[in-house]
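Inspection log for the structure reproduced underneath, given as C-alpha coordinates.
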Amino acid sequence: MNDLSSYSLAVLDASDALSCFRDRFHFPEPVNGIEPIYFTGNSLGLMPKKAREYVDQELDDWQRLAVEGHLHARKPWLPYHEFLTEQMAAIVGAKPVETVVMNSLTVNLHLLLVSFYRPTPERHKIVIEKGAFPSDRYAVESQIKFHGLDPSESLIEIAPREGESTLRTEDIIALIEREGPSIATIMFGGVNYYTGQAFEMREITAVGHRVGAAVGFDLAHAAGNISLEMHDWDVDFAAWCCYKYLNAGPGAVAGVFVHERHADCAEIPRFAGWWGHDKATRFQMGPDFHVLRGAEGWQLSNPPILQMAALRASLEIFSAAGMPALVEKSRKLTGYLESLVLEIGDARISVVTPSDARQRGCQLSIRVTGGDRTLHERLTQNGVYADWREPDVIRVAPVPLYNSFADVHRFSQVLRSALT
Ligand SMILES: *Cc1c(COP(=O)(O)O)cnc(C)c1O
(Lines give C-alpha, C1' and ligand atoms only; values in the text may rest on other atoms or scores of the structure.)
Protein backbone atom coordinates (compact mmCIF):
# COMPACT_ATOMS: atom_id res chain seq x y z
CA MET A 1 0.00 0.00 0.00
CA ASN A 2 2.99 2.29 0.53
CA ASP A 3 3.74 3.34 -3.00
CA LEU A 4 0.30 4.23 -4.19
CA SER A 5 0.22 6.69 -7.02
CA SER A 6 -2.16 9.56 -6.60
CA TYR A 7 -4.36 7.76 -9.11
CA SER A 8 -4.72 4.61 -7.02
CA LEU A 9 -5.14 6.83 -3.98
CA ALA A 10 -8.15 8.35 -5.68
CA VAL A 11 -9.41 4.82 -6.30
CA LEU A 12 -8.90 3.96 -2.64
CA ASP A 13 -10.99 6.93 -1.58
CA ALA A 14 -13.56 6.29 -4.30
CA SER A 15 -14.00 2.68 -3.20
CA ASP A 16 -14.43 3.78 0.41
CA ALA A 17 -18.12 3.33 1.16
CA LEU A 18 -17.83 5.74 4.08
CA SER A 19 -16.31 8.61 2.11
CA CYS A 20 -19.74 10.27 1.78
CA PHE A 21 -19.82 10.92 5.54
CA ARG A 22 -17.05 13.49 5.24
CA ASP A 23 -19.59 15.87 3.80
CA ARG A 24 -21.72 15.71 6.94
CA PHE A 25 -19.11 17.65 8.94
CA HIS A 26 -17.78 21.19 9.04
CA PHE A 27 -14.01 21.39 8.62
CA PRO A 28 -12.11 24.31 10.11
CA GLU A 29 -11.13 27.19 7.86
CA PRO A 30 -8.07 26.96 5.61
CA VAL A 31 -4.73 27.89 7.20
CA ASN A 32 -2.50 30.10 4.99
CA GLY A 33 -4.88 29.24 2.17
CA ILE A 34 -4.26 25.53 2.72
CA GLU A 35 -7.15 23.13 3.27
CA PRO A 36 -6.80 21.54 6.70
CA ILE A 37 -5.83 17.97 7.41
CA TYR A 38 -7.82 17.43 10.57
CA PHE A 39 -6.12 14.75 12.67
CA THR A 40 -7.26 15.89 16.11
CA GLY A 41 -10.64 14.18 16.25
CA ASN A 42 -9.20 12.38 19.29
CA SER A 43 -9.22 15.72 21.07
CA LEU A 44 -12.25 17.54 19.68
CA GLY A 45 -14.33 15.89 16.98
CA LEU A 46 -15.62 17.98 14.08
CA MET A 47 -19.04 19.59 14.15
CA PRO A 48 -21.77 17.62 12.41
CA LYS A 49 -23.62 19.99 10.07
CA LYS A 50 -26.94 18.87 11.57
CA ALA A 51 -25.87 19.94 15.05
CA ARG A 52 -26.91 23.53 14.42
CA GLU A 53 -30.37 22.50 13.22
CA TYR A 54 -30.94 20.26 16.22
CA VAL A 55 -29.73 22.84 18.72
CA ASP A 56 -31.80 25.51 16.96
CA GLN A 57 -34.83 23.28 17.20
CA GLU A 58 -34.53 23.24 20.99
CA LEU A 59 -33.90 26.99 21.14
CA ASP A 60 -37.01 27.54 19.01
CA ASP A 61 -39.10 25.27 21.19
CA TRP A 62 -37.83 27.00 24.31
CA GLN A 63 -38.73 30.36 22.71
CA ARG A 64 -42.22 29.18 21.63
CA LEU A 65 -43.21 26.94 24.50
CA ALA A 66 -41.14 27.85 27.55
CA VAL A 67 -41.97 25.45 30.37
CA GLU A 68 -44.41 23.54 28.17
CA GLY A 69 -41.40 22.28 26.21
CA HIS A 70 -40.82 19.64 28.87
CA LEU A 71 -43.85 17.80 27.51
CA HIS A 72 -44.64 19.46 24.18
CA ALA A 73 -41.36 20.22 22.46
CA ARG A 74 -41.05 18.28 19.19
CA LYS A 75 -38.57 16.17 21.14
CA PRO A 76 -39.98 16.55 24.66
CA TRP A 77 -37.31 17.49 27.18
CA LEU A 78 -38.56 15.27 29.97
CA PRO A 79 -37.51 12.03 28.26
CA TYR A 80 -34.94 13.68 25.93
CA HIS A 81 -31.99 11.63 27.15
CA GLU A 82 -33.90 8.46 26.29
CA PHE A 83 -33.85 9.39 22.59
CA LEU A 84 -30.06 8.96 22.70
CA THR A 85 -29.76 5.77 24.69
CA GLU A 86 -30.13 3.13 22.03
CA GLN A 87 -27.66 4.64 19.58
CA MET A 88 -25.17 5.33 22.34
CA ALA A 89 -25.48 1.80 23.68
CA ALA A 90 -24.71 0.39 20.23
CA ILE A 91 -21.42 2.30 20.07
CA VAL A 92 -20.05 0.70 23.25
CA GLY A 93 -21.64 -2.74 22.85
CA ALA A 94 -24.15 -2.29 25.65
CA LYS A 95 -27.84 -2.85 26.20
CA PRO A 96 -30.02 0.25 26.54
CA VAL A 97 -30.70 -0.52 30.20
CA GLU A 98 -26.94 -0.41 30.78
CA THR A 99 -26.43 3.00 29.20
CA VAL A 100 -27.19 6.58 30.05
CA VAL A 101 -26.03 9.98 28.85
CA MET A 102 -25.33 12.40 31.70
CA ASN A 103 -22.91 14.93 33.24
CA SER A 104 -19.30 15.04 32.14
CA LEU A 105 -16.62 12.41 32.22
CA THR A 106 -14.69 13.02 35.43
CA VAL A 107 -17.92 13.66 37.33
CA ASN A 108 -19.19 10.30 36.13
CA LEU A 109 -15.96 8.53 37.09
CA HIS A 110 -16.47 9.78 40.62
CA LEU A 111 -20.12 8.75 40.73
CA LEU A 112 -19.22 5.27 39.50
CA LEU A 113 -16.31 4.90 41.90
CA VAL A 114 -18.63 5.77 44.76
CA SER A 115 -20.51 2.63 43.79
CA PHE A 116 -17.73 0.37 42.54
CA TYR A 117 -14.81 1.28 44.78
CA ARG A 118 -15.82 0.13 48.24
CA PRO A 119 -12.57 -0.66 50.01
CA THR A 120 -12.31 -2.97 53.02
CA PRO A 121 -9.21 -3.37 55.22
CA GLU A 122 -8.08 -6.40 53.19
CA ARG A 123 -9.29 -5.33 49.77
CA HIS A 124 -8.51 -1.65 49.32
CA LYS A 125 -6.41 -1.16 46.18
CA ILE A 126 -7.22 0.45 42.84
CA VAL A 127 -5.25 -0.58 39.77
CA ILE A 128 -4.74 1.88 36.90
CA GLU A 129 -2.26 2.11 34.04
CA LYS A 130 0.78 4.31 34.66
CA GLY A 131 0.53 7.37 32.47
CA ALA A 132 -3.26 7.42 32.68
CA PHE A 133 -4.93 10.71 31.80
CA PRO A 134 -4.23 13.06 34.75
CA SER A 135 -7.91 13.57 35.57
CA ASP A 136 -8.37 9.82 36.05
CA ARG A 137 -5.38 9.66 38.35
CA TYR A 138 -6.63 12.64 40.38
CA ALA A 139 -10.05 11.00 40.58
CA VAL A 140 -8.82 7.65 41.91
CA GLU A 141 -6.30 9.24 44.24
CA SER A 142 -8.94 11.51 45.75
CA GLN A 143 -11.35 8.58 46.07
CA ILE A 144 -8.71 6.65 48.00
CA LYS A 145 -8.18 9.60 50.33
CA PHE A 146 -11.93 10.08 50.66
CA HIS A 147 -12.05 6.63 52.26
CA GLY A 148 -9.30 7.64 54.69
CA LEU A 149 -6.70 5.54 52.88
CA ASP A 150 -3.21 6.33 51.66
CA PRO A 151 -2.60 6.34 47.88
CA SER A 152 0.98 5.15 48.43
CA GLU A 153 -0.51 1.92 49.76
CA SER A 154 -3.78 1.70 47.88
CA LEU A 155 -2.96 2.90 44.36
CA ILE A 156 -1.18 0.54 41.96
CA GLU A 157 0.00 1.98 38.65
CA ILE A 158 1.15 -0.63 36.14
CA ALA A 159 4.11 0.61 34.12
CA PRO A 160 5.59 -0.73 30.90
CA ARG A 161 8.80 -2.72 31.14
CA GLU A 162 12.09 -0.85 31.22
CA GLY A 163 12.81 0.45 27.73
CA GLU A 164 9.26 -0.17 26.49
CA SER A 165 6.52 2.40 25.89
CA THR A 166 3.38 0.31 26.05
CA LEU A 167 2.05 -2.34 28.40
CA ARG A 168 2.05 -6.06 27.78
CA THR A 169 -1.26 -7.71 28.55
CA GLU A 170 0.59 -10.64 30.15
CA ASP A 171 2.19 -8.20 32.63
CA ILE A 172 -1.17 -6.62 33.47
CA ILE A 173 -2.64 -10.06 34.08
CA ALA A 174 0.34 -11.20 36.17
CA LEU A 175 0.13 -8.14 38.40
CA ILE A 176 -3.61 -8.52 38.94
CA GLU A 177 -3.12 -12.19 39.84
CA ARG A 178 -0.28 -11.36 42.21
CA GLU A 179 -2.11 -8.56 44.01
CA GLY A 180 -5.50 -10.24 43.69
CA PRO A 181 -6.90 -10.41 47.23
CA SER A 182 -5.95 -6.78 47.95
CA ILE A 183 -7.56 -5.30 44.81
CA ALA A 184 -10.97 -3.67 45.19
CA THR A 185 -11.22 -2.05 41.76
CA ILE A 186 -9.46 -2.03 38.41
CA MET A 187 -9.99 1.11 36.37
CA PHE A 188 -8.09 1.23 33.13
CA GLY A 189 -8.28 3.43 30.10
CA GLY A 190 -9.83 1.73 27.07
CA VAL A 191 -7.28 3.41 24.82
CA ASN A 192 -4.42 5.30 26.47
CA TYR A 193 -4.55 8.95 25.39
CA TYR A 194 -0.76 9.31 25.09
CA THR A 195 0.41 6.07 23.51
CA GLY A 196 -2.76 5.19 21.63
CA GLN A 197 -2.57 1.65 23.06
CA ALA A 198 -5.95 -0.13 23.24
CA PHE A 199 -5.99 -2.41 26.25
CA GLU A 200 -7.33 -5.93 26.02
CA MET A 201 -10.42 -5.22 28.04
CA ARG A 202 -11.96 -8.64 27.81
CA GLU A 203 -8.85 -10.28 29.29
CA ILE A 204 -8.40 -7.61 31.97
CA THR A 205 -12.04 -7.93 33.01
CA ALA A 206 -11.83 -11.72 33.18
CA VAL A 207 -8.76 -11.77 35.41
CA GLY A 208 -10.14 -8.94 37.54
CA HIS A 209 -13.29 -10.90 38.20
CA ARG A 210 -11.29 -14.08 38.91
CA VAL A 211 -9.55 -12.28 41.78
CA GLY A 212 -12.81 -10.74 43.03
CA ALA A 213 -12.32 -7.12 41.93
CA ALA A 214 -14.75 -4.74 40.23
CA VAL A 215 -13.57 -3.75 36.75
CA GLY A 216 -14.28 -0.52 34.90
CA PHE A 217 -12.89 1.42 31.95
CA ASP A 218 -12.53 5.02 30.93
CA LEU A 219 -13.54 4.92 27.29
CA ALA A 220 -12.75 8.57 26.49
CA HIS A 221 -10.41 7.54 23.66
CA ALA A 222 -12.22 4.30 22.86
CA ALA A 223 -15.88 5.21 22.35
CA GLY A 224 -16.53 5.77 18.67
CA ASN A 225 -12.97 4.67 17.89
CA ILE A 226 -12.63 0.92 18.48
CA SER A 227 -14.94 -2.02 18.62
CA LEU A 228 -16.37 -2.36 22.14
CA GLU A 229 -18.47 -5.08 23.76
CA MET A 230 -19.04 -3.80 27.27
CA HIS A 231 -21.90 -6.18 27.94
CA ASP A 232 -20.34 -9.34 26.52
CA TRP A 233 -16.98 -8.64 28.11
CA ASP A 234 -18.83 -8.49 31.41
CA VAL A 235 -17.35 -5.12 32.40
CA ASP A 236 -18.88 -3.69 35.59
CA PHE A 237 -18.84 0.00 34.70
CA ALA A 238 -17.50 2.47 32.16
CA ALA A 239 -17.58 6.17 31.43
CA TRP A 240 -16.62 8.28 28.42
CA CYS A 241 -16.80 11.78 27.08
CA CYS A 242 -18.56 12.67 23.83
CA TYR A 243 -16.49 15.57 22.50
CA LYS A 244 -13.61 13.42 21.17
CA TYR A 245 -14.51 10.71 18.64
CA LEU A 246 -18.20 11.24 19.34
CA ASN A 247 -18.24 14.77 17.87
CA ALA A 248 -20.78 16.26 20.27
CA GLY A 249 -18.96 19.55 20.79
CA PRO A 250 -16.85 21.21 23.48
CA GLY A 251 -17.75 20.13 26.99
CA ALA A 252 -20.37 17.75 25.62
CA VAL A 253 -22.58 15.66 27.86
CA ALA A 254 -20.94 12.30 28.62
CA GLY A 255 -21.85 8.59 28.66
CA VAL A 256 -22.04 5.90 31.32
CA PHE A 257 -22.30 2.11 31.27
CA VAL A 258 -23.31 -0.07 34.22
CA HIS A 259 -23.62 -3.78 33.55
CA GLU A 260 -27.12 -5.25 33.57
CA ARG A 261 -26.20 -7.55 36.43
CA HIS A 262 -26.19 -4.46 38.67
CA ALA A 263 -29.41 -3.09 37.19
CA ASP A 264 -31.68 -4.17 40.01
CA CYS A 265 -29.23 -3.77 42.87
CA ALA A 266 -30.90 -0.85 44.59
CA GLU A 267 -28.67 -1.41 47.60
CA ILE A 268 -25.44 -0.47 45.78
CA PRO A 269 -24.25 2.70 47.54
CA ARG A 270 -24.56 5.72 45.29
CA PHE A 271 -24.91 9.47 45.39
CA ALA A 272 -28.54 10.06 44.53
CA GLY A 273 -30.50 12.84 42.85
CA TRP A 274 -34.06 13.20 41.65
CA TRP A 275 -33.35 12.16 38.05
CA GLY A 276 -32.30 8.74 39.31
CA HIS A 277 -35.70 8.33 40.95
CA ASP A 278 -38.45 6.12 39.56
CA LYS A 279 -40.04 8.07 36.69
CA ALA A 280 -43.58 7.01 37.60
CA THR A 281 -43.43 8.71 40.98
CA ARG A 282 -40.67 11.29 40.57
CA PHE A 283 -43.06 14.20 40.40
CA GLN A 284 -44.90 13.21 43.54
CA MET A 285 -41.81 14.81 45.06
CA GLY A 286 -41.77 12.44 48.02
CA PRO A 287 -38.91 12.34 50.52
CA ASP A 288 -37.91 8.70 49.88
CA PHE A 289 -35.62 7.78 47.02
CA HIS A 290 -36.82 4.94 44.80
CA VAL A 291 -34.05 4.20 42.36
CA LEU A 292 -34.58 3.57 38.65
CA ARG A 293 -33.45 0.29 37.10
CA GLY A 294 -30.13 0.22 35.33
CA ALA A 295 -27.69 2.97 34.43
CA GLU A 296 -30.41 5.64 34.60
CA GLY A 297 -30.47 5.11 38.34
CA TRP A 298 -27.11 6.92 38.57
CA GLN A 299 -28.52 10.17 37.14
CA LEU A 300 -28.67 13.17 39.41
CA SER A 301 -30.03 16.16 37.54
CA ASN A 302 -32.41 16.97 34.75
CA PRO A 303 -30.24 16.91 31.64
CA PRO A 304 -28.70 19.64 29.44
CA ILE A 305 -30.99 19.61 26.40
CA LEU A 306 -28.88 21.89 24.17
CA GLN A 307 -25.85 19.66 24.58
CA MET A 308 -27.93 16.57 24.02
CA ALA A 309 -29.27 18.07 20.79
CA ALA A 310 -25.70 18.36 19.47
CA LEU A 311 -24.98 14.79 20.52
CA ARG A 312 -28.13 13.62 18.76
CA ALA A 313 -26.74 14.91 15.45
CA SER A 314 -23.56 12.92 15.91
CA LEU A 315 -25.19 9.70 17.07
CA GLU A 316 -27.38 9.67 13.98
CA ILE A 317 -24.25 9.66 11.86
CA PHE A 318 -22.70 6.80 13.84
CA SER A 319 -25.89 4.89 13.52
CA ALA A 320 -25.95 5.35 9.74
CA ALA A 321 -22.28 4.42 9.30
CA GLY A 322 -22.19 1.58 11.87
CA MET A 323 -19.22 0.80 14.11
CA PRO A 324 -18.16 -2.37 12.25
CA ALA A 325 -17.71 -0.47 8.97
CA LEU A 326 -15.97 2.38 10.76
CA VAL A 327 -13.54 0.04 12.47
CA GLU A 328 -12.81 -1.74 9.22
CA LYS A 329 -11.98 1.52 7.44
CA SER A 330 -10.06 2.76 10.46
CA ARG A 331 -7.70 -0.19 10.35
CA LYS A 332 -6.93 0.44 6.69
CA LEU A 333 -6.52 4.17 7.17
CA THR A 334 -4.22 3.88 10.18
CA GLY A 335 -2.30 0.99 8.63
CA TYR A 336 -1.74 3.16 5.57
CA LEU A 337 -0.59 6.05 7.78
CA GLU A 338 1.81 3.80 9.65
CA SER A 339 3.36 2.44 6.48
CA LEU A 340 3.83 5.91 4.99
CA VAL A 341 5.37 7.28 8.18
CA LEU A 342 7.81 4.39 8.46
CA GLU A 343 8.63 4.68 4.77
CA ILE A 344 10.02 8.17 5.40
CA GLY A 345 12.91 6.19 6.85
CA ASP A 346 14.07 8.92 9.20
CA ALA A 347 16.03 7.41 12.12
CA ARG A 348 14.53 9.98 14.51
CA ILE A 349 11.02 8.70 13.90
CA SER A 350 9.34 5.78 15.62
CA VAL A 351 5.75 4.82 16.29
CA VAL A 352 4.92 4.39 19.97
CA THR A 353 1.46 2.94 19.34
CA PRO A 354 1.36 -0.87 19.03
CA SER A 355 1.40 -2.15 15.46
CA ASP A 356 -1.08 -4.90 16.37
CA ALA A 357 -4.44 -3.63 15.05
CA ARG A 358 -6.25 -5.17 18.02
CA GLN A 359 -4.21 -3.01 20.38
CA ARG A 360 -4.89 0.35 18.85
CA GLY A 361 -7.59 2.53 17.36
CA CYS A 362 -7.07 5.20 14.75
CA GLN A 363 -4.49 7.24 16.67
CA LEU A 364 -0.78 6.91 16.08
CA SER A 365 1.64 8.48 18.53
CA ILE A 366 4.78 9.28 16.61
CA ARG A 367 7.95 9.80 18.60
CA VAL A 368 10.41 12.27 17.09
CA THR A 369 13.62 11.70 19.02
CA GLY A 370 15.33 15.01 19.67
CA GLY A 371 12.37 16.79 18.06
CA ASP A 372 10.74 19.83 19.57
CA ARG A 373 7.74 22.04 19.09
CA THR A 374 9.15 23.69 15.98
CA LEU A 375 8.41 20.52 14.03
CA HIS A 376 4.81 20.68 15.20
CA GLU A 377 4.67 24.33 14.16
CA ARG A 378 5.87 23.46 10.68
CA LEU A 379 3.11 20.89 10.40
CA THR A 380 0.55 23.42 11.60
CA GLN A 381 1.66 25.99 9.04
CA ASN A 382 1.04 23.40 6.36
CA GLY A 383 -2.55 22.86 7.39
CA VAL A 384 -2.05 19.85 9.66
CA TYR A 385 -4.05 19.65 12.86
CA ALA A 386 -2.05 17.30 15.06
CA ASP A 387 -1.05 17.64 18.65
CA TRP A 388 2.24 17.82 20.37
CA ARG A 389 2.73 16.09 23.70
CA GLU A 390 5.86 16.70 25.74
CA PRO A 391 8.56 15.63 25.52
CA ASP A 392 8.66 14.34 21.94
CA VAL A 393 5.39 12.87 20.70
CA ILE A 394 3.08 13.96 17.90
CA ARG A 395 -0.36 12.41 18.09
CA VAL A 396 -2.29 12.03 14.85
CA ALA A 397 -5.72 10.50 14.55
CA PRO A 398 -7.17 9.87 11.09
CA VAL A 399 -10.84 9.46 11.90
CA PRO A 400 -12.69 7.09 9.56
CA LEU A 401 -15.89 9.15 9.60
CA TYR A 402 -14.35 12.20 7.99
CA ASN A 403 -10.72 11.58 7.08
CA SER A 404 -9.63 10.19 3.74
CA PHE A 405 -6.72 8.20 2.39
CA ALA A 406 -5.73 11.38 0.55
CA ASP A 407 -5.50 13.20 3.92
CA VAL A 408 -3.12 10.52 5.15
CA HIS A 409 -1.02 10.70 2.03
CA ARG A 410 -0.79 14.49 2.16
CA PHE A 411 0.14 14.34 5.84
CA SER A 412 3.03 12.00 5.14
CA GLN A 413 4.37 14.40 2.52
CA VAL A 414 4.10 17.35 4.89
CA LEU A 415 5.82 15.38 7.66
CA ARG A 416 8.60 14.31 5.33
CA SER A 417 9.33 17.86 4.26
CA ALA A 418 9.01 19.19 7.83
CA LEU A 419 11.75 16.80 8.88
CA THR A 420 14.28 18.05 6.34
C1 LIG B 1 -10.29 13.52 27.62
C2 LIG B 1 -10.15 12.71 28.86
C3 LIG B 1 -10.61 13.19 30.10
C4 LIG B 1 -11.20 14.56 30.25
O5 LIG B 1 -12.08 14.61 31.32
P6 LIG B 1 -13.33 15.62 31.36
O7 LIG B 1 -13.97 15.31 32.63
O8 LIG B 1 -14.16 15.34 30.14
O9 LIG B 1 -12.77 17.01 31.29
C10 LIG B 1 -10.50 12.34 31.20
N11 LIG B 1 -9.94 11.11 31.09
C12 LIG B 1 -9.48 10.64 29.92
C13 LIG B 1 -8.90 9.26 29.83
C14 LIG B 1 -9.55 11.43 28.77
O15 LIG B 1 -9.07 10.97 27.61
Side-chain angles (χ1 to χ4, degrees), residues 39-46 88 91-92 100-114 116-117 126-143 155 157-159 166-167 172 185-201 204 215-226 228 230 235 237-257 271 298-301 303-304 307-308 310-311 314 352-353 359-365 385-390 393-397 399:
F39 279 178
T40 42
N42 56 347
S43 182
L44 187 77
L46 292 179
M88 185 59 103
I91 290 173
V92 297
V100 69
V101 170
M102 64 182 199
N103 308 321
S104 52
L105 171 55
T106 309
V107 170
N108 289 337
L109 289 177
H110 276 296
L111 293 176
L112 291 167
L113 286 168
V114 163
F116 294 101
Y117 174 56
I126 302 187
V127 180
I128 64 173
E129 85 260 30
K130 192 167 177 63
F133 196 91
S135 201
D136 298 44
R137 197 182 183 287
Y138 307 152
V140 295
E141 201 182 53
S142 61
Q143 285 277 335
L155 179 60
E157 295 173 277
I158 309 187
T166 54
L167 280 162
I172 300 172
T185 305
I186 297 164
M187 199 193 85
F188 253 69
V191 174
N192 181 271
Y193 81 101
Y194 188 89
T195 63
Q197 178 176 19
F199 297 110
E200 298 191 275
M201 290 176 253
I204 294 171
V215 185
F217 293 97
D218 181 329
L219 303 177
H221 279 262
N225 178 22
I226 62 173
L228 295 168
M230 288 295 110
V235 171
F237 67 96
W240 58 94
C241 54
C242 298
Y243 48 81
K244 292 172 180 166
Y245 295 104
L246 294 179
N247 312 317
V253 64
V256 157
F257 164 87
F271 287 169
W298 271 264
Q299 295 174 106
L300 300 185
S301 300
Q307 288 187 20
M308 289 192 168
L311 177 58
S314 175
V352 173
T353 311
Q359 288 191 60
R360 71 180 182 198
C362 71
Q363 173 185 328
L364 287 188
S365 302
Y385 283 74
D387 77 22
W388 176 259
R389 292 281 147 155
E390 296 296 342
V393 165
I394 295 174
R395 299 186 311 165
V396 282
V399 169

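Just so you know, ligand 1 is whichever comes first in the structure, and atom 1 is the first atom listed for that ligand.
Counting heavy atoms only, Phe133 comes closest to atom 12 (C) of ligand 1 of the residues Phe133, Tyr138, Trp240.
Near Asp218, meaning under 4.0 Å from any of its heavy atoms, are these atoms of ligand 1: 11 (N), 12 (C), 13 (C). Listed by number with element, the atoms of ligand 1 under 4.0 angstrom from any heavy atom of His221 are 15 (O). Counting the atoms of ligand 1 from 1 in the order shown, those under 4.0 Å from a heavy atom of Thr106 are 5 (O), 6 (P), 7 (O).
Residue Met102 comes nearest to Leu111 through the heavy atom pair CE-CD1, 4.1 Å, listed as atom of the first residue, atom of the second, then distance. Minimum heavy-atom separation, Val92 to Ala223: CG1-CB, 4.3 Å.
On a distance-only criterion, Tyr243 and ligand 1 share at least one N/O pair closer than 3.5 Å. Where the criterion is an N or O separation shorter than 3.5 Å, residue side chain and backbone included, Tyr193 fails it with respect to ligand 1. Here's the thing with Asp136: one of its N/O atoms is less than 3.5 angstrom from an N/O atom of ligand 1.
With hydrogens and angles left out, the side-chain atoms of Thr106 and Ser135 include a donor and acceptor closer than 3.5 Å.
Between His221 and Tyr193, the ring-plane angle classifies as tilted under the 30° and 60° cut-offs. Between Phe199 and Phe188, the ring planes are perpendicular. Angles over 60° get that label, and only those under 30° would be called parallel.
Nearest to atom 14 (C) of ligand 1 among the protein's heavy atoms is Lys244 NZ, 2.8 Å.
The closest side-chain heavy-atom distance from Tyr194 to Glu129 is not below 4.5 Å.
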